[in-house]
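The first residue of the sequence shown is numbered 1, and numbering continues consecutively from there.
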Amino acid sequence: MSFPLLTATAALPAIGAIATAAVPAARRTAAKWLALLFSLATLVLAGVALARFEPGGARYQLTESHAWIKDFGVRYELGVDGIGVALMALTALLIPFVILAGWHDADPLETTSSRWRPTQGFFALILMVEAMVILSFEATDVFLFYILFEAMLIPMYFLIGGFGDRAHAGSDENAAAQRSYAAVKFLLYNLVGGLIMLAAVIGLYVVAGTFSLSEIAEARANGSLSMATSTERWLFLGFFFAFAVKAPLWPLHTWLPNAMGEATSPVAVLITAVVDKVGTFAMLRFCLQLFPEASKWATPVILVLALISIVYGALLAVGQRDIKRLIAYASISHFGFIILGIFAMTSQGQSGATLYMVNHGISTAALMLVAGFLITRRGSRLIADYGGVQKVAPVLAGTFLIGGLATLSLPGLAPFVSEFLVLVGTFSAYPAAGIVATTGIVLAALYVLVLYQRTMTGPVKAGVQGMADLKARELVVVLPLIALLIFLGVYPKPLTEIVNPAVQHTMSDVQKKDPQPEVEAAK
């Protein structure tokens with residue numbers, strides 16, 4: 001029996017979470033190092049899976065299949081295509097940086113014993129989220145995916161509600177209320193989406209008689225499975241609603257700014273760069289593959305919602321006074337681009353959307369983590385409290401600028417390739433939608449450059465004087481992410497070679513071909 005690589009990649013952080021939580025309370029530093037070592041070991045296994053994946057091979061590779069709940073036809077089935085393995089590698093890559101960036105975020109506060117933070121629990125929860133997210137990218141059984149989709153909400157709820165932003169440390173009661181509100185809102189929104197998805201999952205089983213993606217695909221191919229048009233559309237809506245909440249797509253997005261604003265910066269990265277990617281990934285794997293006709297039927301409305309997300313998120317980012325909420329609204333705009341690329345139903349658009357998931361994860365992690373270092377030093381999230389940072393902390397300001405330029409998709413940085421492909425794919429199929437989407441680029445330049453100008457340039461404000469520059473641990477967090485942004489911006493081929501075959505499979509699922517360019521005959 002071959003080594004269960006996919007299971008091991010997901011099981012290792014889960015084991016690490018248990019081991020970290022079991023470390024004695026007084027040995028906080030040991031718990032941190034243990035969590036970091038398990039995250040690095042997980043990264044090694046994800047790298048092995050990425051190396052063993054053959055882009056030109058079978059659609060799902062490194063597969064595992066075992067009976068689980070026989071009476072209900074539920075199986076423990078795993079497999080990765082190019083999209084799944086890329087996002088699995090992204091998750092494994094980001095978690096060590098999240099742990100390093102949050103090295104002191106769960107240390108007990110000396111000012112009051114009521115704010116003591118269980119360090120072991122903080123890092124154990126991060127590893128548990130990693131395990132569930134990785135396994136969700138690997139699951140090819142719909143019921144197994146649903147269990148993971150819902151279960152990851154539990155550790156995220158405690159990370160948001162139990163470990164707040166240190167910028168609020170001086171106002172314990174108010175900060176606790178805001179954290180509680182953000183955590184409950186996050187949980188309720190996603191639980192409602194999950195409950196609707198559960199009804200659709202049950203409906204799918206009634207129609208198909210199985211939860212297995214491979215069996216459903218085989219039944220479709222040989223003609224033994226047929227869904228009534230109305231049934232397929234209702235099932236699609238049940239799945240899509242849950243994924244749109246997780247993504248998040250306007251108007252189901254309102255939980256994200258609260259959650260990112262009240263969470264620590266590393267947890268905010270975990271939300272938008274890791275957990276939210278499960279929603280957009282599931283649109284490709286489940287919505288388009290299981291319900292191709294319904295996906296095409298819903299495309300016009302989804303494109304409109306994606307365009308609203310792009311423009312609305314960018315406009316609200318322009319008007320923000322809070323650094324973390326600005327990045328949150330910028331992410332809503334970026335997720336609009338991802339969903340636009342998915343439902344443009346072109347190979348360029350879907351390749352761009354997949355690359356966008358990866359590159360947005362890296363660029364948002366870089367920007368948010370540097371912003372977190374900045375906020376920790378000043379003790380405030382308000383843009384108005386900063387000014388002249390580049391004069392006292394030039395390395396911090398420089399890394400903040402690069403992260404911001406990646407967020408606005410500057411050519412030469414990784415997100416540019418993604419955004420360009422999404423726009424090209426959208427223009428070729430829906431020119432009007434492509435034109436509207438380009439306004440998001442203009443607004444991104446506005447909110448990023450204004451943010452940098454107000455915080456980093458100008459006279460040095462009183463609270464900024466004496467601010468320390470990035471330390472060795474912080475440089476270890478930021479510099480690899482910046483190097484990766486530059487590398488993938490200059491040479492994206494390794495990533496495109498992995499995801500493009502999977503995109504072609506998805507295009508085949510929905511029976512779509514790229515529009516042929518119109519060439520005017522020579523006179």
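- When atom types are taken as modelled, the side chain of R233 and the backbone of A298 share no donor-acceptor pair closer than 3.5 angstrom.
- For the pairing with F186, the ring pair (Phe, Tyr, Trp, His ring centres under 6.0 Å) check across W255, Y157, Y181 returns one residue only, W255.
- In terms of modelled atom types and a separation under 3.5 Å, the side chain of T399 and the main chain of V395 share a donor-acceptor contact.
- A 4.5 Å side-chain heavy-atom check between T140 and R285 finds at least one atom pair inside the cut-off.
- For the pair E232 (side chain) and A294 (backbone), a donor-acceptor distance under 3.5 Å is present.
- Formation of a donor-acceptor pair under 3.5 Å by the E138 side chain with backbone atoms of G79 is not found in this model.
- Using cut-offs of 30° and 60° for the angle between ring planes, the F145 and F286 rings count as tilted.
- Smallest separation of non-hydrogen atoms from P257 and A328: CA-CB, 3.8 Å.
- Residues F373 and V478 are in side-chain contact: their nearest non-hydrogen atoms beyond the backbone lie under 4.5 Å apart.
- Put simply, the side chain of R381 does not reach to within 4.5 Å of the side chain of L326, judged on heavy atoms.
- Side chain of T506 to backbone of A502: a donor-acceptor contact under 3.5 angstrom is found.
- Other residues, nucleotides and ligands contribute only 12 or fewer heavy atoms inside 6.0 Å of the CZ atom of R321.
- Using a distance-only test at 3.5 Å, with no hydrogens or angles considered, a donor-acceptor pair links the side chain of S295 to the main chain of C287.
- In this pair, F236 and F291 present their aromatic rings perpendicular. The plane angle is above 60°, beyond the 30 to 60° band.
- No side-chain heavy atom of Q348 sits less than 4.5 Å from a side-chain heavy atom of T426.
- In this structure, N359 and S418 approach most closely via the heavy-atom pair ND2-OG, 2.6 Å.
- The minimum heavy-atom distance between A344 and L303, with the atom names listed, is N-CD2, 4.1 Å.
- Ion pair E262/K185 not flagged as a salt bridge, since none of the NZ, NE, NH1 or NH2 atoms sits closer than 4.0 Å to an Asp/Glu carboxylate oxygen.
- The one candidate from M283, R59, H505 that meets the side-chain contact (heavy atoms from CB on, under 4.5 Å) condition with Q289 is R59.
- Side-chain atoms of Y386 come within 3.5 Å of backbone N or O of S380 as a donor-acceptor pair.
- For the pair L148 and V278, the minimum side-chain heavy-atom distance is 4.5 Å or more.
- Looking only at distances, no side-chain donor or acceptor of Q320 sits under 3.5 Å from a matching main-chain atom of A317.
- A 6.0 Å sphere centred on CH2 of W103 holds more than 12 heavy atoms belonging to other residues, nucleotides or ligands.
- For CZ of F241, the number of neighbouring non-hydrogen atoms (other residues, nucleotides, ligands) closer than 6.0 Å is greater than 12.
- The two residues K324 and M260 have their closest heavy-atom pair at CE-O, 3.1 Å.
- Evaluated for a side-chain contact (heavy atoms from CB on, under 4.5 Å) with L78, the options L144, L62, T63, D141 yield exactly one hit, L144.
- When side chains are defined from C-beta on, P415 does not count as touching T407, because their heavy atoms never get closer than 4.5 Å.
- A pairwise comparison of heavy atoms in G194 and Y146 identifies O-CE1, 3.2 Å as the closest pair.
- Residues T272 and S331 bring a donor and an acceptor atom of their side chains to less than 3.5 Å of each other.
- Between the side chain of E130 and the backbone N or O of I126, no donor-acceptor pair lies under 3.5 Å.
- A side-chain donor-acceptor contact under 3.5 Å links T346 to the backbone of G425.
- Proximity of M152 to S136: side-chain heavy atoms (C-beta onward) are separated by under 4.5 Å at one or more points.
- Checked by atom type, the side-chain pair Q390/Y452 shows a donor-acceptor distance below 3.5 Å.
- Considering only heavy atoms from C-beta on, K277 comes within 4.5 Å of H360 through its side chain.
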